[in-house]
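Reading through the structure tokens given below for one structure.
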Number of protein chains: 2
Amino acid sequence: MSEQKSNPLTIGQLAKMASVSVETIRFYQRKHLIPTPPKPYGSIRRYSLEDVKRVRFIKSAQKLGFSLAEIANLLRLEDGTHCAEAKAIAESKLISIRQKIADLKTLEKILESYTSNCENKTNNTPCPIISNLFNDPFV
Amino acid sequence: MSEQKSNPLTIGQLAKMASVSVETIRFYQRKHLIPTPPKPYGSIRRYSLEDVKRVRFIKSAQKLGFSLAEIANLLRLEDGTHCAEAKAIAESKLISIRQKIADLKTLEKILESYTSNCENKTNNTPCPIISNLFNDPFV
DNA sequence: CATAACCCTGTACCTAGGTACGGAATCAAG
DNA sequence: CTTGATTCCGTACCTAGGTACAGGGTTATG
């Protein structure tokens, strides 16, 4: 009969508060990204506001480009006492983000040059985009 | 007994010349990205140098960020007479590339600010990266 | 107490872009 | 003619990040 004030939420309420689906909660449990609270005999599992924060953490980190595997590593640092490790993870992510930006800029330049050749194209010459790709200048 | 000069290659030679695996050739055939030449009775399929160019085209376009579905559309324009359509496909890809660059730059700024807060962190304060993510400033 | 709404567990399915494999047929070399 | 390498065909498997059931049990509402 003692009140369980610390774990008041059903999985549906947790999902709604964290703006994900119930299935996503269960998926994260299977991946050990969030704990699976004990199930009282003949009853259902209950969740806390800490769990809501944890799911939101996952969604925030995903928006920053972290994979679930990387997020699992960050969550192991949850107590905040391993700042150097967290920083190392964030900085390697920063490096890969910068690399992606550079790669995309290269692609942008190539595509720009292909499409601009369409302008000075005269009638009955082949399409520069297609012929550039077929003639394979950057493999 | 007429010579089949136009289709001299086995699938293994095609794969090697296009720098992909035999399995990848078959996968592209299943996806109708490249044709499956007829199989002479009791013999094996033969491929041409045109097929090599076509596979290389696919690989080049992939490096430019096109999906196989988009590449299938480009390949339908292979004769080079549909320049306007090819240009439209390339330009919409250019727009999505620019959007990705912008998104990544936003992430870069956020991550930079998180990691730089680690510098001015005093002992026994929680890690700014973790606490920023837990406190969810950009959901 | 009836009934709807929700929860639990396990499993299957989805996209994208392939990779891997088993068993039979064919080809190339000696 | 034998042996080893390729080819063929169908099917299964892989990663990532979920989504979608089916067939139960539980809970909340009137």
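Here the structure is a predicted model, which means the values were calculated and not measured. First the proteins, then the strands, lettered A, B, ... as listed; each starts at 1. In what follows, every heavy atom counts, from backbone to side chain, and hydrogens, waters and symmetry copies are set aside.
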Subject >> Separation of atom CG in A:Leu14 from atom P in C:dC6, rounded to whole Å >> reply: 15 Å
Original post:
Would you call B:Lys105-B:Glu108 a salt bridge at under 4.0 Å N-O?
Top reply: no
Hey, does the side chain of [X] come within less than 4.0 Å of [N]'s phosphate (OP1/OP2), counting only N and O?
| X | N | value |
| --- | --- | --- |
| A:Lys39 | C:dT9 | yes |
| B:Arg26 | D:dC9 | no |
| A:Arg45 | C:dT9 | yes |
| B:Thr10 | D:dT6 | no |

Original post:
Considering only heavy atoms from C-beta outward, does the side chain of A:Arg98 approach that of B:Leu104 to under 4.5 Å?
Top reply: no
Subject >> A:Asn132 side chain to A:Pro128 backbone, donor-acceptor under 3.5 Å >> reply: yes
**OP:** Run the numbers on B:Ile129 and A:Lys87 for side-chain contact (heavy atoms from CB on, under 4.5 Å), then give the verdict.
**Re:** CA-CA 7 Å; B:Ile129 295 171; A:Lys87 193 180 179 190; 4.0 Å; yes
**OP:** Return yes if a side-chain donor-acceptor contact under 3.5 Å exists between A:Thr24 and A:Ser21, otherwise no.
**Re:** yes
Every protein N/O lying under 3.5 Å from an N/O of nucleotides 11-18 of chain D:
unit_1: D:dG17; atom_1: OP2; unit_2: A:Leu68; atom_2: N; d: 3.4
unit_1: D:dG18; atom_1: OP1; unit_2: A:Lys59; atom_2: NZ; d: 3.2
unit_1: D:dG18; atom_1: OP2; unit_2: A:Tyr28; atom_2: OH; d: 3.1
unit_1: D:dG18; atom_1: OP2; unit_2: A:Gln62; atom_2: OE1; d: 3.4
unit_1: D:dG18; atom_1: OP2; unit_2: A:Gln62; atom_2: NE2; d: 2.4

**OP:** Hey, could you give me each pair passing side chain to side chain donor-acceptor pair (under 3.5 Å) that has a residue in residues 67-81 of chain A? Not counting sequence neighbours.
**Re:** A:Arg54-A:Glu78, A:Ser67-A:Glu70, A:Glu70-A:Lys93, A:Asn73-A:Arg76, A:Asp79-A:Thr81, A:Asp79-A:His82
**OP:** Decide yes or no on side-chain contact (heavy atoms from CB on, under 4.5 Å) for A:Lys100 and B:Ile101, but give the supporting numbers first.
**Re:** CA-CA 8 Å; A:Lys100 265 188 210 165; B:Ile101 291 172; over 6 Å; no
Check: protein-nucleotides 24-30 of chain C nitrogen or oxygen pairs below 3.5 Å:
unit_1: C:dC27; atom_1: OP1; unit_2: B:Ser43; atom_2: OG; d: 2.7

Original post:
How far apart are the closest heavy atoms of A:Leu133 and B:Leu64, and which atoms are they?
Top reply: CD2-CD1, 4.0 Å
